[in-house]
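Working notes for the structure below.
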2 protein chains.
Amino acid sequence: MASKYMKIYNEIVSEIQNGNIEPRSMLKSESELMQEYSVSRDTVRKALNLLERDGYIQRLQGKGSIVLDINKFDFPVSGLTSFKELSERMGGRTRTYVKELALVKPNDFLMKHLNVSKDDEVWKVVRVREIGGKKIILDKDYFNRKFVPALTREICEDSIYEYIENKLGLKIGYAKKVITVQKASEEDIKYLDFDKFDMIVVVKNYVYLEDTTLFQYTESRHRPDKFRFVDFARRSR
Amino acid sequence: MASKYMKIYNEIVSEIQNGNIEPRSMLKSESELMQEYSVSRDTVRKALNLLERDGYIQRLQGKGSIVLDINKFDFPVSGLTSFKELSERMGGRTRTYVKELALVKPNDFLMKHLNVSKDDEVWKVVRVREIGGKKIILDKDYFNRKFVPALTREICEDSIYEYIENKLGLKIGYAKKVITVQKASEEDIKYLDFDKFDMIVVVKNYVYLEDTTLFQYTESRHRPDKFRFVDFARRSR
DNA sequence: GAGTGGTCTAGACCACAGG
DNA sequence: CTGTGGTCTAGACCACTCC
């Protein structure tokens, strides 16, 4: 988990993020990095591949690697970053209100989206996220109780992800997000500061463990004027 | 460009897409693939890494690689896929109307988003996309004339990307998308079949060449009820 | 123990950029 | 020509899963 190439990756990422490495400048060459970290070329290249995949650098044959100039608040783009990590990056001014926390029997909706049977029990968590004094996001989370035996209000107010990954030791593998725009529901209007909008941005999030079992379904409902999603894409060659 | 590992990658992708490889089944092991393609283990692993990155498989230490069960219409998710590629995947029933095609002097908006100076010239292309008989997307493209000397209506009705990559030989490196929701403009209402909506989903797309120069700025404006964006994300460990 | 994937190494040859 | 990154190889050792 702390492999050599991940150390190199992490060091370079933080150097880029805190400005020690200038955007648009040339990164050290592979051979320089080999010496600096006393590793083989392949190990350096593994780190550089990750940096390229994540949009930190662009590699140019015959030249070297350019550090890309990316708005640091847009990073990590389109990742699995949780609201807590996000709000820390935004410099606080965020609050979470737990509106609902209960074990429920799955209805058709849940059986379809969370892939559970009638006999399972499901945690339902409804939370309102406040940013800059405005209630802007309504998060509805569903977990299969098989994986998360206990949940408390305190955990939900802090970070469910942290609890799941660090305390329960579950390993998140990947997630699929689907973004759509819908008519706002009565629940949206009841819980959020809504002013004049009648539509809502819905981010459906299917989270899978490393063994590919579907583990969580979340609907994150955003006030449209405050919604912003950044994606970084590479041409796969 | 046709490296061994890309061949392996492409073959496995198409086998997954056309159903020759069952979702949720085990992929061949690395050593089997080494023999099948007569390559070294590293070459196999390069292909498998790409497959994992793109969400086709999940690799499990000590077990093997599972083929993920993904809706084939959601793929490639969050890529650089052009409207033409997309419409081919949707099975036709799409049309493109070129509403505007002109060389313009950059205004402040363009100088900011396309990173050009007052003396450059910029191609402006406005196109309406029709799907299933409804005009749903308004695409506004801007290219620096330095890179694209000539453009015709025919090219715009077909695929600008194809022209750029195949005819001009420019190499797209990466792109950054920003998705927001705004009040619909008069232009949106004029060009699109709008019914009852007053908001529009705006996808800003910044396209960069391999040498990291910003080359194109596009605003893709979608009718909210028809908008859908899928993203696949991995926990970077 | 046998088989799987994960990391790391050392060396080779190629393609490309720039003086 | 030198230095850069891109591909490919062969071999080693480790961690994990399953029987």
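Everything quoted here is computed from the prediction, not taken from an experiment. Throughout, protein chains are lettered first and strands after them, A, B, ... in sequence-line order, and every chain is numbered starting at 1.
- Between A/K171 and A/E165 there is no salt bridge, since no side-chain nitrogen of the basic residue lies less than 4.0 Å from a carboxylate oxygen of the acidic one.
- Checking C/dG5, C/dT9, D/dG5 against the side-chain heavy atoms of A/R59 singles out D/dG5 as nearest.
- Between B/S31 and C/dG3 there is no side-chain polar atom (N or O) within less than 4.0 angstrom of OP1 or OP2.
- B/N49 places its CG atom 14 Å from the C1' atom of C/dC8, with the value rounded to the nearest Å.
- Nucleic acid contact for A/L60: sugar-phosphate only, since backbone atoms but no base atoms lie under 4.0 Å from a heavy atom of the residue.
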Check your understanding: After noting the C-alpha distance and the side-chain angles of A/S29 and A/E32, does the key distance pass the side-chain hydrogen bond (donor to acceptor under 3.5 Å, both in side chains) rule?
Key -> CA-CA 5 Å; A/S29 73; A/E32 283 175 293; 3.3 Å; yes

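- In this model, the phosphate group of C/dC8 is not approached by any side-chain N or O of A/Y5 to a distance below 4.0 Å at OP1 or OP2.
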Review point. side-chain hydrogen bond (donor to acceptor under 3.5 Å, both in side chains) between A/Q216 and A/Y161: does it pass, once the steps are laid out?
Key: CA-CA 11 Å; A/Q216 176 191 6; A/Y161 262 78; 3.1 Å; yes

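- The existence of a salt bridge linking B/D139 and B/R129 is confirmed by a sub-4.0 Å separation between a basic side-chain nitrogen and an acidic carboxylate oxygen.
- In summary, A/E219 and A/R221 engage in a salt bridge, as defined by a charged side-chain N under 4.0 Å from a carboxylate O.
- In this structure, A/S29 does not reach the D/dG3 phosphate: none of its side-chain N or O atoms is under 4.0 Å from OP1 or OP2.
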Between protein and nucleotides 15-19 of chain C, what N or O pairs are separated by less than 3.5 Å?
none

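- Between B/Y217 and B/F109, a ring centre-to-centre spacing shorter than 6.0 Å is recorded.
- Look at A/R41 and you won't find any side-chain N or O under 4.0 angstrom from OP1 or OP2 of C/dA10.
- Residue A/T43 places at least one side-chain N or O under 4.0 Å from the OP1 or OP2 atom of C/dT9.
- Each of C/dC8, D/dG5, C/dG6 was ranked by its minimum atom distance to the side chain of B/E30; first place goes to C/dG6.
- Picking from C/dT7, D/dG5, C/dT9 the nucleotide with the shortest atom distance to the side chain of B/R45 gives C/dT7.
- A straight line from CG of B/L27 to C1' of C/dT4 spans 13 Å, rounded to a whole angstrom.
- Protein atom CG of A/D211 is 16 Å distant from nucleotide atom C1' of C/dG5, rounded to whole Å.
- Atoms CG (B/D42) and P (C/dT9) sit 13 Å apart, rounded to a whole Å.
- Rounded to an integer number of Å, the gap from B/M34 CE to D/dA10 P is 8 Å.
- In this structure, A/F215 has its ring center no closer than 6.0 Å to that of A/Y208.
- The nearest whole Å value for the distance from the CG atom in B/L48 to the P atom in C/dT7 is 13 Å.
- As rounded to whole Å, 16 Å separates atom C1' of C/dC8 from atom CE of A/M6.
- Rounded to a whole Å, the NZ atom of B/K171 is 12 Å from the P atom of D/dG6.
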Check your understanding: What's the verdict on side-chain contact (heavy atoms from CB on, under 4.5 Å) for A/D54 and A/Y9, showing C-alpha distance, side-chain angles and the deciding distance?
Key -> CA-CA 11 Å; A/D54 293 344; A/Y9 169 83; 2.4 Å; yes

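- In terms of phosphate contacts, B/K4 brings a side-chain nitrogen or oxygen within less than 4.0 Å of OP1 or OP2 of D/dT9.
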